[in-house]
Engineer: 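Questions regarding the structure given below will be posed in turn.
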Amino acid sequence: MDARFLGIAELAEVPPVAVVVDVMRAFTVAAWAFAQGAEKIVLAESPEEALALKARHPDWIALKDGAPTPGFDAVNSPGLLRSVDLGGRTVVQKTTAGTVGALAVKDASLVLCASFVVAEATARLLRGRGCDSVTFVVTGENGQADEDLACAQYIARRTTGDGTDAAEFLRRARRSRAAAELTQGVRRGVHPDDVALCLELDRFPFAMAAAPEDSLMVLRPCAAP
């Protein structure tokens with residue numbers, strides 16, 4: 001498999017297959033939302049679009065990065081979301097990097113959103129589809145976030161072989177700038193367990209695929225082969 005690792009700004013063209021990686025915290029949160037029963041996640045272009053969707057669908061759950069904000073129901077924290085019952089609900093998610101990356105490749109034939117908690121399921125899906133070329137979109141820090149790059153590289157290795165040890169990849173993520181900022185309280189809307197939850201390898205058995213639905217980019221869980 002030909003694997004490329006690009007930041008959002010480096011996407012000169014739409015790749016046929018894209019895996020958008022945001023470990024801390026967008027696509028860890030998304031996986032937790034599905035585990036808590038969410039039916040689908042709408043990826044919003046902006047906070048304004050998220051609030052407009054919420055206004056049109058009052059039963060939808062809107063969440064974003066940062067501190068609690070009027071109009072939004074939740075923040076982008078797996079530690080805070082894991083106690084919320086989302087059975088059958090639609091979540092609208094807007095984050096600084098993850099949702100931006102997914103929307104940047106919305107015209108790809110296959111868009112997967114990933115983090116460590118769904119790494120193996122994502123690799124299995126790529127293997128099952130026989131993907132010859134995959135672009136991994138490293139969303140954080142303009143493509144320099146080591147937790148996202150480590151996760152992307154780990155998934156790429158797992159896609160092509162079964163003998164990859166996750167320890168060094170998880171160690172890099174644990175030592176990343178994002179992990180330090182979450183631990184030190186630099187970022188708002190944080191639970192003390194967020195970093196640990198973001199580093200739970202293969203916590204969930206599903207992958208997550210995004211595709212256009214009624215002019216919106218919608219993320220859904222999907223079973224890996």
Engineer: Scan side-chain atoms only and decide if Arg4 and Thr135 contain a donor-acceptor pair under the 3.5 Å cut-off.
Structural biologist: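 Distance-only check passes for Arg4 and Thr135.
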Engineer: Answer yes or no: is there a donor N or O on one side and an acceptor on the other, between the side chain of Thr99 and the main chain of Thr95, under 3.5 Å?
Structural biologist: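 Yes.
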Engineer: Looking just at side-chain N and O atoms, do Thr96 and Asp65 make a donor-acceptor pair shorter than 3.5 Å?
Structural biologist: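 Indeed, the side chains of Thr96 and Asp65 share at least one donor-acceptor pair under 3.5 Å.
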Engineer: Between Thr28 and Ala26 (side chain of the first, backbone of the second, donor and acceptor by atom type, cut-off under 3.5 Å), is there such a pair?
Structural biologist: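 Not confirmed, Thr28 side chain does not pair with Ala26 backbone.
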Engineer: Going by the rule side-chain hydrogen bond (donor to acceptor under 3.5 Å, both in side chains), which residues pair with Asp202 if we only count those two or more places apart in sequence or in a different chain?
Structural biologist: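 So Asp202 forms no side-chain hydrogen bond (donor to acceptor under 3.5 Å, both in side chains) with any residue.
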Engineer: Suppose we screen for salt bridge (charged side-chain N to carboxylate O under 4.0 Å, His left out). Which residues come up paired with Glu181, at least two apart in sequence or across chains?
Structural biologist: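 Salt bridge (charged side-chain N to carboxylate O under 4.0 Å, His left out) list for Glu181, sorted by chain: Arg177, Arg187.
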Engineer: What orientation do Trp32 and Phe204 show, parallel under 30°, tilted 30 to 60°, or perpendicular over 60°?
Structural biologist: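 Geometry flag for Phe204 against Trp32: perpendicular rings.
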Engineer: Angle class for the Phe116/Tyr154 ring planes (parallel below 30°, perpendicular above 60°, tilted otherwise)?
Structural biologist: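 Ring orientation, 0 to 90° scale: tilted.
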Engineer: Once you round to the nearest 0.5 Å, how far does OG1 of Thr90 lie from NZ of Lys40?
Structural biologist: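 Here the interatomic distance stands at 4.5 Å.
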Engineer: Please list, chain by chain and in numerical order, all residues satisfying side-chain contact (heavy atoms from CB on, under 4.5 Å) with Thr160, sequence neighbours excluded.
Structural biologist: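 Once residues adjacent in sequence are excluded, the partners of Thr160 under the side-chain contact (heavy atoms from CB on, under 4.5 Å) criterion are Met1.
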Engineer: Using atom types as modelled and distance alone, determine if a side-chain donor or acceptor of Ser77 lies under 3.5 Å from a backbone N or O of Leu80.
Structural biologist: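 Flag set: sc Ser77 to bb Leu80 pair under 3.5 Å.
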Engineer: Output yes when Arg25 and Glu147 qualify as a salt bridge under the 4.0 Å nitrogen-oxygen rule, no when they do not.
Structural biologist: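 So Arg25 does not pair with Glu147 through a salt bridge.
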